[in-house]
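Numbering of ligands and ligand atoms starts at 1, following listing order.
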Amino acid sequence: MPHRSTLIGAGTYLPERVVGNDELATRVETSDEWIRERTGIRQRHLAGPHETAAFMATAAARGALDDAGVGAGEVDAILVATSTPDQAFPATAVRVQAALGLRTGFAFDLAAACSGFIYALSVADALIRSGQARTVLVIGSEVYSRILDWSDRGTCVLFGDGAGAVLLRAGPEAGPGVLSTHLHSDGSGGDLLFVDGAVGRRELSGHLRMNGREIFRHAVAKLASAVDEALAANGLGQADIDWLVPHQANRRIIDAMGRKLGLPPERVVITVDRHANTSAASIPLAFAEAVRDGRIRRGDLVLMEALGGGLTWGSALIRM
Ligand code: ACO
C-alpha cells in the first residue's frame, strides 16, 4: 500500500555569533539602510570554526528527533541538502549518521543550492512512498560564510549560516503529509549564481558570484509557475493556502510571491530579517519556527517554494 510522508518533527540550529548590518558596514562600503531597504535583512548568524555543516545538521537533526519523540535508532535514511559540505567526501549526511550513533540505514548529500531542501524533501517523499524507507531525516545545513567574498558588498551582505531539519514518517495515504513536490532545473542559467572553485578543479576553494538582477527576474516568474503547478496538481486554489513558507533570499521576492497568492503578510513566514539567506537551510528554519510558536497547526495547508543556483527551483504542498 502506498504511504504518505507525514512531518512529525522539526529542529534547528543557528550559530551563536550574530552579526548586524552595522558591523558589515565596517568591512565593506554599505549601510544598514541600504541592506534593509533592498533585502529586508537586519542581521545574520555566522558560524565559528567548530560550526560546520555536519555539526549544525546534527544539532538540527537531534532537535527534530526530540520534537517527534523518536529515537535515532528508528531513522532509516538521512538526507542533507548542502552546497557547503565539511568535505568532498564522505558526505555530510554520513557524518551526521555517525554523530547520531547510527550504523544502520543509509545517508547521502544532495546539492541543489537554495532549492536543496525542496529537492531533498522530494527525494525523501519518494523513498517513503516506494517503501524504501519509513522514517527519514531531511536536513538543510549551510555555512555560506566560508564561500563568500567578504570584499564584495553585492553578495556578502545577503547570506547567513544555519541548519534546519524535519523528520518524515510513513503514514496512511489518506492522512496528512506531503501532497506533492515539483522540481525544475535549467543549467543554461548556471553562470548567474555559482562558486568559482571546487575540489574537482585547480582552484581548490572558491567564492560565490552572482548576477543579482537576473536572479531576481528569474525568481519571481519561475516561483510563480511552480506554485501554480503545485496547486493545480492537487485541485486546490490560492484561497486554500494557510501558510507560505518561502525560501528566505530577499524580502522583496517574498512579498511579491505573497501578493501573487493573495495572502495577507501575516500568513507568510519570514525569517530573512534575522537569518538572512541560509540557502538550503532557510525553509526548514522558517518552518520549524512557525510550528514551534504555534502559527502552523494540524490541518493547515503549507506551501513551500525556492529558487537557487543551477538554476534550480521547485515547490511543495504539505497538509499538516
Ligand atoms: N551596499 C550598498 N550599495 C550596494 C550594495 C551594498 N551592499 N550592493 C550593491 N550596491 C550598489 C551597486 O554597486 C550598485 O551601485 P552602482 O549603481 O553605483 O553601480 C547599486 O547598489 C545597485 O546595484 P544592483 O545590484 O543593481 O542593486 P539591486 O537593486 O538589484 O539590489 C540585490 C541588489 C539586493 C542583490 C537584488 O538584485 C536582489 O535581491 N537580487 C536577488 C538575488 C538574491 O536574492 N540572491 C540570493 C541568492 S539566490 C536565491 O536565493 C534566490
R17 and E51 ion-paired at < 4.0 Å: no
Please check if the number of heavy atoms outside R297 that lie under 6.0 Å from its CZ is greater than 12. no
Tell me whether E289 is salt-bridged to R292, with the criterion being a basic N under 4.0 Å from an acidic carboxylate O. no
Atom 20 (C) of ligand 1 within contact range, any protein heavy atom under 4.0 Å: no
Carboxylate-amine/guanidinium contact E266 R295, below 4.0 Å: no
Can you find a protein heavy atom under 4.0 Å from atom 3 (N) of ligand 1? yes
Sub-4.5 Å side-chain heavy-atom contact between I139 and V96: yes
For a 4.5 angstrom cut-off between non-hydrogen side-chain atoms, does K260 reach Q238? yes
Which residue and non-hydrogen atom of the protein lie closest to atom 44 (O) of ligand 1, and at what distance in Å? A249 CB, 3.7 Å
Tell me, which protein residue and heavy-atom name are nearest atom 40 (N) of ligand 1, and how many Å apart are they? G212 O, 3.0 Å
Quick check, are the ring centers of F117 and F287 under 6.0 angstrom apart? no
Can you confirm whether more than 12 heavy atoms, excluding those of R251, are under 6.0 Å from its CZ atom? no
Under 4.0 Å, counting heavy atoms only: does G154 come that close to any atom of ligand 1? yes
Residue, atom and distance of the protein heavy atom nearest atom 1 (N) of ligand 1 read T30 OG1, 2.6 Å
Just going by heavy-atom distances, which of E33, R252, R213 is nearest to atom 32 (C) of ligand 1? R252
At under 4.0 Å between heavy atoms, is it the side chain or the backbone of V28 that contacts ligand 1, or both, or neither? neither
R38, any N or O under 3.5 Å of ligand 1 N or O: yes
I want to confirm something. Looking only at heavy atoms, which of Y144, F216, W34 is nearest to atom 9 (C) of ligand 1? W34
Those atoms of ligand 1 less than 4.0 Å from some heavy atom in V157: 7 (N)
Number the atoms of ligand 1 from 1 as they appear, then name those within less than 4.0 Å of a heavy atom of L307, with their elements. 49 (C), 50 (O), 51 (C)
Under a 4.0 angstrom heavy-atom cut-off, which atoms of ligand 1 come close to I215? 42 (C), 48 (S)
Is there at least one protein heavy-atom neighbour under 4.0 Å from atom 16 (P) of ligand 1? no
re atom 43 (C) of ligand 1, the protein heavy-atom contact at minimum distance is M210 SD, 3.9 Å
Anything under 30° is parallel, anything over 60° is perpendicular, the rest tilted; go ahead and classify H184 against W313. parallel
Do any nitrogen or oxygen atoms of R153 come within less than 3.5 Å of a nitrogen or oxygen of ligand 1? yes
Quick one: are T52 and R146 in side-chain contact, heavy atoms under 4.5 Å? yes
Protein heavy atom at shortest distance from atom 39 (O) of ligand 1: N250 ND2, 2.3 Å
Is atom 46 (C) of ligand 1 less than 4.0 angstrom from at least one protein heavy atom? yes
Atom 7 (N) of ligand 1 protein-contacted (non-hydrogen atom, under 4.0 angstrom): yes
Atom 50 (O) of ligand 1: nearest protein contact (heavy atom, Å): H247 NE2, 2.8 Å
Which of D152, D149, D191 passes side chain to side chain donor-acceptor pair (under 3.5 Å) with R209? It is D149
Is any heavy atom of the protein nearer than 4.0 Å to atom 23 (O) of ligand 1? no
By the definition side chain to side chain donor-acceptor pair (under 3.5 Å), identify the one residue from D161, N277, N21 that meets it with R44. N21
Begin with the C-alpha distance, continue with both residues' side-chain angles, and end with the deciding distance and a verdict on salt bridge (Lys or Arg N to Asp or Glu O under 4.0 Å) for E173 and R129. CA-CA 9 Å; E173 177 65 20; R129 282 180 185 275; 3.7 Å; yes
If we number the atoms of ligand 1 from 1 as shown, the ones under 4.0 Å from a heavy atom of L193 are 47 (C), 48 (S)
Between I215 and M210, is there a side-chain heavy-atom distance shorter than 4.5 Å? yes
Contact bool for atom 29 (O) of ligand 1 (protein heavy atom, d < 4.0 Å): yes
